[in-house]
Each structure stands twice: as C-alpha cells, then as structure tokens.
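Report on the following structure.
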There are 2 protein chains.
Amino acid sequence: MNRPDILSPGEPEIDAVTAQCFVRFEEAFGTRGFAWDVQAQIMSLGKAIEIGKGKSAAIFSDEDSLVFLAEGACKLVAWAALDRAQVLSFHFAGDLVSVPARAEHEYGLIALTPSQILSFPTRRFLQAVNEESKLLVELHRRTDAALAECRDDSVGLGRKTAQERVARLLMQMAGRIGVASDNEVLIELPMSRGDIADSLGLTIETVSRQFGELRDAGLIETGGRSGVRVLDPEALLQRAGPTCPRV
Amino acid sequence: MNRPDILSPGEPEIDAVTAQCFVRFEEAFGTRGFAWDVQAQIMSLGKAIEIGKGKSAAIFSDEDSLVFLAEGACKLVAWAALDRAQVLSFHFAGDLVSVPARAEHEYGLIALTPSQILSFPTRRFLQAVNEESKLLVELHRRTDAALAECRDDSVGLGRKTAQERVARLLMQMAGRIGVASDNEVLIELPMSRGDIADSLGLTIETVSRQFGELRDAGLIETGGRSGVRVLDPEALLQRAGPTCPRV
DNA sequence: CGACTCTTTGAGGGGCGTCAACTAAAGTGG
DNA sequence: CCACTTTAGTTGACGCCCCTCAAAGAGTCG
C-alpha cells in the first residue's frame with residue numbers, strides 16, 4: 001500500500017464505486033477545501049457500498065449512521081412489528097440520511113434501484129469534522145429540513161383520507177423526480193405499491209383503488225407498473241386536501 | 001443604558017424572565033465559556049417571553065426559529081386545515097424546539113401551562129455561534145434526536161389501533177413527566193384530551209373511550225381531568241403494541 | 001352556586017382493512 | 001421467440017374500527 005494511486009487489482013469495481021461516492025460527496029458538501037488530515041479521516045471513516053435492488057444497506061449495526069446516497073433511490077424503513085415495515089421516507093441521489101442504530105424501532109435503508117451509498121458512523125464523523133463549522137452548519141440545515149419534512153408527513157398521516165394521502169405522495173414525487181412537459185408531469189416511480197402503502201399507512205389494495213379512482217377521474221394515466229403521467233397537477237393538488245395556504 | 005446591571009424599572013418582570021431563561025440556557029448548552037462577543041450576540045438575538053396557558057408563542061413570523069423552553073410545557077402544532085390542528089409533539093422544560101417559519105403547513109408553539117421561552121432566529125443564531133463547534137455538535141445531536149422521535153411517532157401514526165396509540169402516549173408521558181412509586185407511575189397530564197387526540201390522529205371521543213377501556217381493564221386510574229395513575233406499566237406497554245425488541 | 005368548558009357515554013354510518021380471485025407484467029429456461 | 005413460472009397489481013364482497021352526531025355528566029372558575 002505504498003502507492004495509494006494504484007488500485008488493488010483484486011477489487012477494481014469496489015474502488016471505482018468508492019471514488020465516485022467521494023467525488024459526489026465532495027461536490028455536495030464542499031469538503032475539498034478542508035485540511036488534509038480531516039479529509040483523510042473522512043475518507044477512512046466512510047464506507048462506500050453498492051447495493052442491489054431490494055437489498056438492505058449494511059449499516060453499522062451498533063451505532064448511528066450518516067448515509068450519503070450518491071446514486072440510486074432508497075427507502076428508509078422502521079419495523080413496527082417483525083413482519084410489518086413502515087416506510088418513513090424515500091431518498092434519491094444527493095440526499096443525506098440519518099439512520100439511528102436503534103430508537104424505539106429498528107431501522108434499515110433499502111435500495112429501490114441499484115444504489116451507491118457512502119456510510120459514516122455518526123459519532124466519529126462528528127469528531128472528525130469537529131473544527132469544520134461550515135460543514136456542521138450544513139449538517140444541521142439538512143437535519144432540520146428532514147425534521148420539517150417528517151413533521152409535514154406526520155400531518156399527512158394524522159387525519160387524512162386515503163385519496164388525500166395518495167394524491168399528496170404523487171405530487172411530492174412529481175416535484176422530486178417528475179419530468180415536466182406542457183402542463184403534464186411524467187413520473188417513473190421507483191417504489192412498488194406496497195412501498196407506497198407502507199409509507200402512507202394504508203394497504204396495497206387501498207392504494208391501488210385510489211390510483212384507479214384518480215385514473216377514472218382523468219387526473220392521471222398509468223403505464224406499466226411504475227409509469228405515471230399526471231394530466232392535471234392542479235386538480236391533483238386539490239385532492240391532496242387542505243393545506244394552509246402559502247402566502 | 002450605561003449600566004446594564006440596573007434593570008429598567010418599567011419592566012422588571014420581563015427582565016427577571018429574561019435572566020432566568022438565559023441562565024437555564026447556559027446550563028443546558030454550556031455557553032458560559034464562550035467568547036464574550038459570541039455570548040453578547042446570543043443574548044441580543046434571544047427574545048425571552050412569558051406565555052400564558054393556551055397562548056401562542058410569538059415566533060418570528062418570516063424566518064425559522066429555534067426555541068428553548070426554559071419553564072413550563074408546550075405543544076408544537078401544524079395546521080392541516082384552517083380549523084383543524086395536528087399536534088406534532090409535546091415539549092417540557094429544557095427542550096429545544098425547531099419551529100419552521102413555513103413548510104408545507106403553518107406551525108405554532110402553544111403553551112399548555114404558563115411557560116417561559118427563549119426564541120432565536122435560526123439563521124442568525126447559526127451565524128453567531130459559527131465558530132463554537134461544540135454547540136453546533138450539540139445542536140445537531142438534539143435535532144437528530146428530534147428527527148428520530150418524529151420518525152418513531154410516524155410509525156405509531158401509520159397503522160396502529162386507537163388503543164395502541166393511547167397506551168403508547170401514556171407510556172411516553174410516564175417516562176417524561178411521570179413520578180414513579182412502587183410499581184406505579186403517577187402522571188399529571190398538562191394537555192387536554194383534545195390535544196392528545198390531535199397528536200394521535202384520533203377524535204376526542206375515541207381517546208376518551210380508550211381511557212375508559214384501560215380504566216375498566218384495571219391498567220390505569222384517572223383522577224380529575226389531568227391525573228393518571230398507571231397501575232400496571234408492563235401491561236400498558238403490552239397494549240402499546242408490537243415494537244421491535246430492543247436487544 | 002351558577003355558567004362554562006372539558007369529558008364521558010351512546011347510537012348510527014362510512015371508510016378502509018381483510019380475504020379472495022383474477023389479470024397483467026416481468027423474469028426464466030428451452 | 002415463446003411457454004412456463006413467479007411476482008405485482010387490480011377488482012370485488014364483507015366486516016370492523018373509528019368518525020360523526022347527540023346528550024348527559026364531571027370539573028373548574030367566577
């Protein structure tokens with residue numbers, strides 16, 4: 001290991017993933033200007049992993065993790081019971097996900113599409129970047145935003161009808177991964193109906209029925225299993241139910 | 001204002017509140033050792049307010065706020081509709097609450113009991129403590145914990161029965177503000193049945209019925225409107241439903 | 001003690017879960 | 001490229017839990 005530039009021939013693919021993950025991470029958080037020893041510590045702490053569809057990311061089991069999603073799409077799940085999972089959030093490339101080792105429930109990050117993640121042990125990561133207050137501020141900003149989003153989701157779970165929940169999720173996905181054209185939005189959903197149901201606190205059947213109703217109402221079209229075309233975003237937002245008007 | 005030690009005689013009560021709030025804040029976050037100018041900035045940014053029961057805290061309306069609850073008990077609410085509020089969390093003395101100015105919904109912090117709060121504008125607060133990385137780490141730790149709690153609550157809202165939700169909330173409150181004696185726990189609930197209902201996504205009537213069932217089952221006793229005696233914590237936890245076993 | 005609010009209790013109805021059967025889509029091996 | 005298998009999604013019938021509406025009881029404050 002005298003010349004770190006030379007990759008170990010035994011595992012060239014792994015190192016390519018690692019390289020790409022760190023490049024994306026640097027772009028997102030601007031760590032390039034950091035002191036060399038801090039950068040070295042960050043690189044030694046971060047484990048880059050490529051995970052296949054449906055596979056769970058190998059999170060540090062005994063401590064909280066900070067996961068940067070460099071490529072792909074994932075779901076964050078908590079097991080309410082041994083058999084039933086609750087999906088807490090969907091994540092896409094560029095997201096930073098805080099995964100507790102163990103709160104009231106057990107957590108896991110599962111790939112919806114083949115993904116590349118960079119996983120840090122939170123405590124040691126914080127120690128390493130202790131003096132880089134700019135990164136700490138950005139970290140707080142992202143965590144705070146995630147908290148606000150989680151709270152908004154709680155409002156959605158609280159007392160909304162099945163149709164309001166499905167419509168809201170579709171509008172969220174439209175904004176996140178939708179492709180706008182004319183007054184329409186095309187969405188290629190990376191998650192299954194079951195994932196959607198688990199995230200909205202509904203059953204697969206109910207989600208499917210709501211898709212059907214929205215289709216019959218002419219608000220959306222569905223193509224294949226994952227394709228959704230939002231024909232009338234305005235009306236769909238209406239069906240998402242009352243939200244306090246943003247002045 | 002040449003001698004800051006001398007309080008303005010026009011508002012002695014306000015200044016006593018301010019003083020107590022900052023003392024509590026210093027104790028909680030260890031800001032005493034900070035540079036003088038940082039401490040001065042923090043003090044100039046923080047607005048100490050005493051709020052009566054049922055009153056909304058005067059949050060900075062146009063920017064995110066960071067609120068330290070020095071004394072009392074509050075609820076964080078989001079308005080799902082103009083008439084209906086969703087309670088997102090209950091807070092007690094020592095808590096730090098992040099209140100977004102405006103996310104998908106509008107937020108408010110409302111006192112359950114007469115409270116004293118210290119309110120900061122988040123952005124400027126972060127600028128002021130930019131170099132105090134120890135405080136930034138503590139800030140991240142608390143926000144991360146709040147996020148984990150919010151997620152656990154989401155699991156609870158997702159697909160649990162009314163009784164499981166009520167039982168879980170009672171156990172949470174027992175742990176937070178309960179007084180243990182023998183194998184019992186005494187709780188003095190600062191929030192109404194309506195607040196509980198709004199936080200669990202239920203109606204007042206359903207919450208009341210669940211209290212009744214738990215009482216009939218001999219798991220709890222109720223005294224007055226706010227008093228609850230948990231007679232059998234074990235059995236109550238059972239009724240809170242399945243959680244992944246903490247190894 | 002009286003007026004108010006909060007809580008409790010009851011009767012009835014609707015939305016979503018449950019169970020079941022069927023259809024469509026995607027992967028597999030020849 | 002096509003039959004076969006497997007998985008995911010759709011649709012229908014039925015029942016239960018919780019919301020709705022209504023009224024009476026308990027607690028608190030003037």
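Remember, it's a predicted structure, so these values are computed and weren't measured experimentally.
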For this session: Examine distances only and state if a side-chain atom of Gln86(A) and a backbone atom of Val77(A) form a donor-acceptor pair shorter than 3.5 Å.
Result: no
Exercise. Relative to each other, are the rings of Phe25(A) and Phe68(A) parallel, tilted or perpendicular (30° and 60° limits)?
Worked result: perpendicular
Exercise. Should Tyr107(A) and Asp64(A) be marked as a side-chain hydrogen bond (donor to acceptor under 3.5 Å, both in side chains) after you check the CA-CA gap, both sets of side-chain angles, and the distance that decides it?
Worked result: CA-CA 10 Å; Tyr107(A) 291 88; Asp64(A) 296 347; over 6 Å; no
Seminar exercise, completed: Separation of dA8(D) atom P from Leu189(A) atom CG, nearest Å, is 15 Å
Exercise. Does Asp216(A) come within less than 4.0 Å of Arg209(A), counting only side-chain N to carboxylate O?
Worked result: no
Problem set entry | Stretch residues 200-216 of chain A: residues that reach within less than 4.0 Å of DNA chain C through a heavy atom | Gly201(A), Leu202(A), Thr203(A), Glu205(A), Thr206(A), Arg209(A)
Exercise. Is there a donor N/O on one and an acceptor N/O on the other, under 3.5 Å, for the side chain of Arg225(A) and the base of dT7(D)?
Worked result: yes
Exercise. When we call it a touch if two heavy atoms are under 4.0 Å apart, what does Arg193(B) touch: a base, just sugar-phosphate, or nothing?
Worked result: sugar-phosphate
Problem set entry | Atom-pair distance (NZ on Lys160(B); C1' on dC17(D)), nearest Å | 17 Å
Exercise. Taking CD1 from Ile220(B) and C1' from dT7(C), how many angstroms apart are they, rounded to a whole number?
Worked result: 13 Å
For this session: Would you give the length of the straight line joining atom CD1 of Ile110(B) to atom CE of Met191(B), rounded to the nearest 0.5 angstrom?
Result: 13.5 Å
Exercise. Which residue, Arg159(A) or Ser192(A), contacts DNA chain D at a nucleotide closer to its 5' end, judged by nearest heavy atom?
Worked result: Ser192(A)
Exercise. So, are Arg159(A) and Asp198(B) salt-bridged, with charged N and O less than 4.0 Å apart?
Worked result: yes
